[in-house]
Amino acid sequence: MRKLLLLLAAFAMLAVTGAVSAATTTTVTITKAGYVPSTPKISQGDSVQFVNSDTVAHQIVFKTMTGITCTPNPLVLQPGQSGTCSFQTAGSTTFSDPNAKGNTFRGTVTVNGVADSLTLVTSLHSVVYGGHVTLSGMLSSHKVGETVDVIALGCGTNGPAKVATVLTTTNGAFTASVQPLLNTSYTVKVKNTTSAAMPVTVRPRLHLSKPAAHRFAPRVSASTTFAGKYTSFQRYTGSRWIYVRSALLRTNTTGVLPTVITTTSFTSAIHSGLRVRAVVGQAQVGNCYLPAISNAIRS
C-alpha cells in the first residue's frame with residue numbers, strides 16, 4: 001500500500017509539472033501589408049507559427065537568436081508555407097524581413113517569464129514520535145542546484161521555522177528528511193516560490209512493560225510532559241479492546257533533548273495471559289498529537 005501511495009503521489013507530481021510546462025502556439029500571418037499581429041505576446045516555452053499568406057516568399061530574421069529555435073532554419077517561407085519558432089528565454093526580441101521595405105515588416109515578440117512552481121509530497125502522513133518523514137518534490141523550471149528551504153509550522157509554536165536546506169538535483173527534483181516532534185505542517189520554498197502545505201500528524205511513543213506479576217508500567221515519549229494525564233489500561237476480548245482501569249502518569253525524566261519521558265506504574269488483578277495495552281486518548285494528549293497506543297503484551 002505504501003508503494004502504491006508513493007507511485008500515485010509521483011504521478012500527481014508529474015501531472016502538475018506537465019500542466020505548468022504545457023506550451024501553446026500563437027500564429028502570426030504574413031500578408032502583403034505586413035505581419036498580423038506584429039507584436040505577439042507569449043509565455044516562456046511557447047511558440048510562434050509564421051504563416052505566409054502572401055504571393056511572394058518571405059524571410060523572418062530575429063535580432064537575437066538567444067533562446068530561440070526555429071524550423072526551418074533559416075526561416076524562409078514560400079507562399080502557403082509555415083514555420084515555427086519556440087522561445088525559451090524571457091524578454092523581447094524584434095524580427096523583420098530583410099528583403100521587404102517598410103515598418104509593416106518589422107515586429108516584436110514579447111516573452112513573459114513563467115513563475116516557478118513547487119510540488120511537495122510526503123512519504124508518510126502520520127508517524128510515531130521519533131519517526132522520520134521523507135519530503136520530495138520538483139521545481140517546475142527543472143533547474144539543478146537551486147536552494148530549497150524546508151519550512152515547518154509546528155502545532156502550538158510561535159511561527160514557521162526553517163528546519164532543513166537541500167539542493168535540487170536532476171530535473172529540479174529534491175528530497176529532504178524531517179523528524180516532526182508534534183503535528184506539523186511542512187512547506188518548501190525556492191526564492192519567492194512556495195509549495196502548498198503538507199500536514200504530518202504525530203502520535204506520542206507509548207511503551208507498555210510488565211516489571212512484575214500484576215504490575216504494569218506505561219512510558220510516554222514526546223516533546224512535552226504528560227504528567228497529570230491519564231492512560232487507559234485495556235484488555236482484548238478477541239473482537240475488541242475493553243477498558244480495565246486508568247492510571248495517572250506521574251514521573252518525568254529527560255531523554256535525548258527535546259524528548260520528555262513520562263512514566264507511571266500500577267497494579268491490576270487481571271488474569272494472566274491476556275493481551276493488554278495502554279492508550280492515552282485524544283482528550284489527554286491535546287490538539288497537537290494523535291492518541292497514543294502502546295504495544296500489546298501478555299498480562
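Source: prediction; values computed, not measured.
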Does any N or O in the side chain of [X] come within less than 3.5 Å of the main-chain N or O of [Y], such that one atom is a donor and the other an acceptor?
| X | Y | value |
| --- | --- | --- |
| Arg203 | Ala292 | no |
| Ser140 | Ser117 | yes |
| Arg277 | Gln234 | no |
| Asn52 | Val56 | yes |
| Ser96 | Pro98 | no |
| Ser86 | Ser47 | no |
| Gln179 | Gly130 | yes |
| Asn295 | Leu208 | yes |
| Thr104 | Ala33 | yes |
| Ser209 | Ala217 | yes |

What about [X] and [Y], same hydrophobic cluster or not, with Ile/Leu/Val/Met/Phe/Trp/Tyr joined at side-chain heavy-atom distances under 4.5 Å?
| X | Y | result |
| --- | --- | --- |
| Val188 | Leu124 | yes |
| Phe174 | Val178 | yes |
| Tyr129 | Val279 | no |
| Val163 | Leu182 | yes |
| Val190 | Met198 | yes |

Near Arg250 CZ, under 6.0 Å, is it more than 12 heavy atoms from other residues, nucleotides or ligands? no
Residues, nucleotides or ligands: over 12 heavy atoms within 6.0 Å of Asn287 CG: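 Counting neighbours around CG of Asn287, 12 or fewer heavy atoms of other residues, nucleotides or ligands fall under 6.0 Å, so no.
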Starting from [X], walk the hydrophobic network (Ile, Leu, Val, Met, Phe, Trp, Tyr; side-chain heavy atoms closer than 4.5 Å) and list everyone else you reach, by chain and number.
| X | answer |
| --- | --- |
| Tyr243 | none |
| Phe87 | Val28, Ile30, Tyr35, Ile42, Val48, Phe50, Ile60, Phe62, Met65, Ile68, Leu75, Leu77, Phe95, Phe105, Val109, Val111 |
| Val51 | none |

Please list all pairs passing the disulfide bond (SG atoms under 2.5 Å apart) test where one or both residues lie in [range], with sequence neighbours left out.
| range | answer |
| --- | --- |
| residues 183-214 | none |
| residues 177-216 | none |
| residues 259-299 | Cys155-Cys288 |

Give a yes-or-no answer on whether the side chains of [X] and [Y] include a donor-acceptor pair shorter than 3.5 Å.
| X | Y | answer |
| --- | --- | --- |
| Asn112 | Ser43 | no |
| Asn183 | Thr201 | no |
| Thr55 | Lys32 | yes |
| Thr64 | Thr66 | yes |
| Asn171 | His142 | no |

For residues [X] and [Y], determine if any side-chain heavy atom of one lies less than 4.5 Å from a side-chain heavy atom of the other.
| X | Y | value |
| --- | --- | --- |
| Val202 | Leu290 | no |
| Arg219 | Leu206 | no |
| Val133 | Pro180 | yes |
| Val150 | Leu135 | yes |
| His125 | Pro199 | no |
| Thr71 | Thr84 | no |
| Phe216 | Ser299 | yes |
| Ser294 | His207 | no |

Where do [X] and [Y] come nearest, in terms of heavy atoms and distance?
| X | Y | result |
| --- | --- | --- |
| Gly154 | Thr184 | CA-OG1, 3.9 Å |
| Val220 | Pro204 | CG1-CB, 3.8 Å |
| Thr89 | Gly67 | OG1-CA, 3.4 Å |
| Pro40 | Thr26 | CB-CG2, 4.3 Å |
| Leu139 | Leu118 | CD1-CD2, 3.9 Å |
| Arg235 | Val276 | CB-CG1, 4.1 Å |

Which is it for Leu167 and Thr147 under the side chain to side chain contact (heavy atoms under 4.5 Å, CB included) test, yes or no, and what are the steps along the way? CA-CA 5 Å; Leu167 297 178; Thr147 299; 3.7 Å; yes
Cationic tip of Arg245 within the cone over Phe233's six-membered ring, i.e. under 6.0 Å and within 45° of the normal?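 Pair Arg245/Phe233 does not count as cation-pi.
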Can you tell me how far the [atom1] atom of [X] sits from the [atom2] atom of [Y], to the nearest 0.5 Å?
| X | Y | atom1 | atom2 | answer |
| --- | --- | --- | --- | --- |
| Thr24 | Asp46 | OG1 | CG | 3.0 Å |
| Thr39 | Arg106 | OG1 | CZ | 15.5 Å |
| Phe226 | Thr224 | CZ | OG1 | 6.0 Å |

Check residues 265-273 and write down every donor-acceptor pair under 3.5 Å in which the side-chain atom is one partner and the other belongs to a residue at least two apart or another chain.
| residue | atom | partner | partner atom | Å |
| --- | --- | --- | --- | --- |
| Ser265 | OG | Arg215 | NH1 | 3.1 |
| Ser268 | OG | Ile270 | N | 3.3 |

Residue pairs fulfilling salt bridge (Lys or Arg N to Asp or Glu O under 4.0 Å) with at least one residue in [range], sequence neighbours excluded:
| range | result |
| --- | --- |
| residues 168-181 | none |
| residues 289-299 | none |
| residues 185-200 | Glu146-Lys191 |

Using side chain to side chain donor-acceptor pair (under 3.5 Å) as the criterion, list what pairs up with Tyr289, not counting sequence neighbours.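 Partners of Tyr289 under the side chain to side chain donor-acceptor pair (under 3.5 Å) test: Ser223.
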Single hit among Asn252, Thr251, Val280, Thr231 for side-chain contact (heavy atoms from CB on, under 4.5 Å) with Thr262: Asn252
Any residue meeting ring pair (Phe, Tyr, Trp, His ring centres under 6.0 Å) with Tyr230, in chain and number order, not counting sequence neighbours: none
